[in-house]
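Reviewing the structure listed below.
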Amino acid sequence: MSEVKQNLKDIVEVTMIPEVEEYLEDLHKLLEEKKASEDDMDAIREMESFLVELENILLVLEENKISDEEADEVYQNILRMIEESKS
């Protein structure tokens, strides 16, 4: 596996999926406590969809169905998203 694909795999597995799962867990707690707003419900749907997208990234990496260029583009987008979420 190329370095860019490995970097993408690492950031998805180590950073993105755990963060999304943690956020979803918090949202589900609100739901269980009947404190979830409509915005929270929308966030749950969006995060569940995003989690599937992240898992699909891992799948195409594993099956080598993505070029280095595409992997780098996805990786750069994820880095940008992380930066934006910090500000």
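We're numbering straight along the sequence, starting at 1. All values below come from the heavy atoms of this structure, side chains included, with hydrogens, waters and symmetry mates left out.
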Report the C-alpha distance between M41 and L31 in whole Å, list the side-chain angles of each, state the deciding distance to 0.1 Å, and finish with yes or no for side-chain contact (heavy atoms from CB on, under 4.5 Å).
CA-CA 8 Å; M41 298 300 295; L31 193 57; 3.3 Å; yes
Should L61 and V12 be marked as a side-chain contact (heavy atoms from CB on, under 4.5 Å) after you check the CA-CA gap, both sets of side-chain angles, and the distance that decides it?
CA-CA 11 Å; L61 284 168; V12 169; 5.8 Å; no
Apply side-chain contact (heavy atoms from CB on, under 4.5 Å) to the pair I11 and L79, showing each step before the final yes or no.
CA-CA 9 Å; I11 199 167; L79 290 178; 3.6 Å; yes
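No single ILVMFWY cluster, assembled from side-chain heavy atoms under 4.5 Å apart, contains both V4 and L58. By the criterion of side-chain heavy atoms lying less than 4.5 angstrom apart, applied directly or through intervening Ile, Leu, Val, Met, Phe, Trp or Tyr residues, L59 is not grouped with V74; the two fall into different hydrophobic clusters. Follow the hydrophobic side-chain contacts under 4.5 Å out from I66 and you reach M16 in the same cluster.
In this structure, OG1 on T15 lies 10.5 Å from CG on L54, to the nearest 0.5 angstrom. In this structure, the separation between CD on E3 and CG on D10 is 10.0 Å, given to the nearest 0.5 Å. Note that CD of E46 is 10.5 Å distant from CG of L27, once rounded to the nearest 0.5 Å.
Between I44 and L30, every side-chain heavy-atom pair lies at or beyond the 4.5 Å cut-off. The shortest distance between side-chain heavy atoms of E53 and I57 does not fall below 4.5 Å. Side-chain contact between M81 and N77 is absent, with no heavy atoms from C-beta onward closer than 4.5 Å. For the pair Q76/D72, a side-chain contact is recorded, criterion being any heavy-atom separation below 4.5 Å from C-beta on. Side-chain contact check for K9 versus E62: some heavy-atom pair is nearer than 4.5 Å. Using a 4.5 Å heavy-atom threshold, the side chains of Y75 and K5 count as separate. By the 4.5 Å heavy-atom criterion applied to side chains, V20 and E48 are not counted as neighbours. At least one side-chain heavy atom of L24 sits less than 4.5 Å from a side-chain heavy atom of H28.
When all heavy atoms of D40 and A36 are compared, the pair lying nearest together is OD2-CA, 3.5 Å.
Ion pairing between R80 and E73 fails under the 4.0 Å rule for side-chain N and carboxylate O.
Within 6.0 Å of CD on E63 lie more than 12 heavy atoms contributed by other residues, nucleotides or ligands.
Using modelled atom types, one finds a donor on one side chain and an acceptor on the other under 3.5 Å when comparing S67 with E70.
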